[in-house]
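In what follows, a single structure is set out as structure tokens and then discussed.
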2 protein chains.
Amino acid sequence: MKLDRTDRRILDELQKDSSISNQDLAEKVGLSPSPCSRRVKQLEEDGYIDRYVARLNQSQLDLKLTAYIQIALDRHTPDRFEEFDKTVRNCPEVVECYLVTGQSADYTVKVIVPDMEYYQKFLLDTITQIPGVTGVHSSFVMRKIVDNTEVSLQHLS
Amino acid sequence: MKLDRTDRRILDELQKDSSISNQDLAEKVGLSPSPCSRRVKQLEEDGYIDRYVARLNQSQLDLKLTAYIQIALDRHTPDRFEEFDKTVRNCPEVVECYLVTGQSADYTVKVIVPDMEYYQKFLLDTITQIPGVTGVHSSFVMRKIVDNTEVSLQHLS
DNA sequence: AATAAATACGCAATATTATTGCAAGCTCCA
DNA sequence: TGGAGCTTGCAATAATATTGCGTATTTATT
């Protein structure tokens, strides 16, 4: 259950571009197609590769606003958390939601929506309606410098 | 250059799982394989699909710490921004970096690293070294409720 | 350091999957 | 209601991935 340099290179390539053919991937990592295919399959089976996804062009799809919402709850009881989690998991506008450390902001939520009007409605109709939500603070993305899903595997070397 | 219901369903499926075969995808969206393949190709060519990527299992790869860093700059001059952007783009630990609205926090940076020790070193050796960085505030992810790349296309209906 | 066991490799053959040409069927506008 | 432009499904073809197997390489053990 240990990864060598070739495995890591395979993972790196697939993180960047999973539409690469097995033949090209094999060449990039210095292997012939068959062992490369076998390694990829193994990495999938061992759970290193979670899933393959397509990333869409947001602005072309009229999704022009990305917002971060910092949310604080009145009480930190299990039922408060459960209710919040359940609601947020069912919002297609929410792409990320984390429980984070820090003074008052319990949750950090990332939302992708068409525009400010949509956002405002979403905030009022959905977030504000969740029991226990007290503080809500929004910030809006003006410019994207990095927007990846690719993680660094350097520490495994 | 307009998407019908079938196109949107294709995009939705590929966002969730791009490893689906064309045949299965065709069946899901109620098409036979050939027009389905043609539509996917068209969506790629038209730029709706940005790229295909593999998502990895972070904890299995020893990436146990996700952190958000809120960063403020001393001055909002072009060279300050450029220098910051350039540095951050070259950090493999940084998965997201946005310029955001708000009082003092100019940048929101998301970082994925093995542990707190690594994080501390990263902050001191990299972030703090960037000219003009004054305020730095970290929060750490304790629990992930949602961690997707999938965006909602409901507004197109 | 030698050797045995286990693992990983590349080639060639096979199987799977995607793509293309084409005729028939829709759709939409005049 | 007719016709132009698209879209579809089928069948044939092409591209791509996968598997068996003999050889080579690595790893562990003494």
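What you see below is based on every heavy atom in this structure, not just the backbone, and it leaves out hydrogens, waters and symmetry mates. Each chain gets a letter, A, B and so on, in the order the sequences are listed, and its residues count up from 1.
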key: Criterion salt bridge (charged side-chain N to carboxylate O under 4.0 Å, His left out) on A/Asp7 and A/Arg9, from CA distance to verdict   = CA-CA 5 Å; A/Asp7 289 320; A/Arg9 288 178 66 187; over 6 Å; no
inquiry  = Name the residue from B/Ile71, B/Leu99, B/Val100, B/Val133 that meets the side chain to side chain contact (heavy atoms under 4.5 Å, CB included) definition with B/Asp106.
reply    =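 Filter result, single survivor: B/Leu99.
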Distance, rounded to the nearest Å, where [X] contributes [atom1] and [N] contributes [atom2]:
X: A/Arg5; N: C/dC9; atom1: CZ; atom2: P; answer: 13 Å
X: A/Glu45; N: D/dT18; atom1: CD; atom2: P; answer: 11 Å
X: A/Gln42; N: C/dC9; atom1: CD; atom2: C1'; answer: 15 Å
X: A/Leu14; N: D/dA17; atom1: CG; atom2: C1'; answer: 14 Å
X: A/Leu31; N: C/dA8; atom1: CG; atom2: P; answer: 11 Å
X: A/Glu27; N: D/dA17; atom1: CD; atom2: C1'; answer: 16 Å

Check: residues 20-27 of chain B side-chain donor-acceptor pairs under 3.5 Å, at least two apart:
unit_1	atom_1	unit_2	atom_2	d
B/Ser21	OG	B/Asp24	N	3.2
B/Asn22	OD1	B/Ser37	N	3.4
B/Asn22	ND2	B/Pro33	O	3.0

message = Roughly what angle, to 10°, lies between the helix axis at the start of the helix from C/dA1-D/dT30 to C/dA30-D/dT1 and the one at its end, five pairs per end?
response =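 The end-segment axes of the helix from C/dA1-D/dT30 to C/dA30-D/dT1 are tilted 50° relative to each other.
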request  = Summarise how protein sits on nucleotides 12-30 of chain C as a single string, 5' to 3': B when a protein heavy atom is under 4.0 Å from the base, S for sugar-phosphate-only contact, - for no contact.
outcome  = ------SBBBB--------
message = Quick check on the hydrophobic clustering: are B/Ile10 and A/Leu63 connected, directly or via other members, by side-chain heavy-atom contacts under 4.5 Å?
response =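 Shared cluster, yes.
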message = Under the side-chain hydrogen bond (donor to acceptor under 3.5 Å, both in side chains) test against A/Tyr98, which residue among B/Arg143, B/Lys110, B/Lys144 passes?
response =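 That would be B/Lys110.
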query = Parallel, tilted or perpendicular: which describes the rings of B/Tyr68 and A/Tyr68, with under 30° parallel and over 60° perpendicular?
reply =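 Ring orientation, 0 to 90° scale: perpendicular.
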message = Just N and O in the side chain of A/Arg39: are any of them under 4.0 Å from OP1 or OP2 of C/dC9?
response =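 True: A/Arg39 side-chain N/O within range (under 4.0 Å) of C/dC9 OP1/OP2.
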query = Among A/Lys28, A/Arg8, A/Arg39, which one satisfies salt bridge (charged side-chain N to carboxylate O under 4.0 Å, His left out) with A/Glu13?
reply =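 Going through A/Lys28, A/Arg8, A/Arg39 one by one, the salt bridge (charged side-chain N to carboxylate O under 4.0 Å, His left out) with A/Glu13 is satisfied by A/Lys28 alone.
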task = Evaluate the side chain to side chain contact (heavy atoms under 4.5 Å, CB included) criterion for residues A/Leu65 and A/Tyr118: first the C-alpha distance (whole Å), next the side-chain angles of each, then the deciding distance (0.1 Å), finally the verdict.
result = CA-CA 9 Å; A/Leu65 186 62; A/Tyr118 191 112; over 6 Å; no
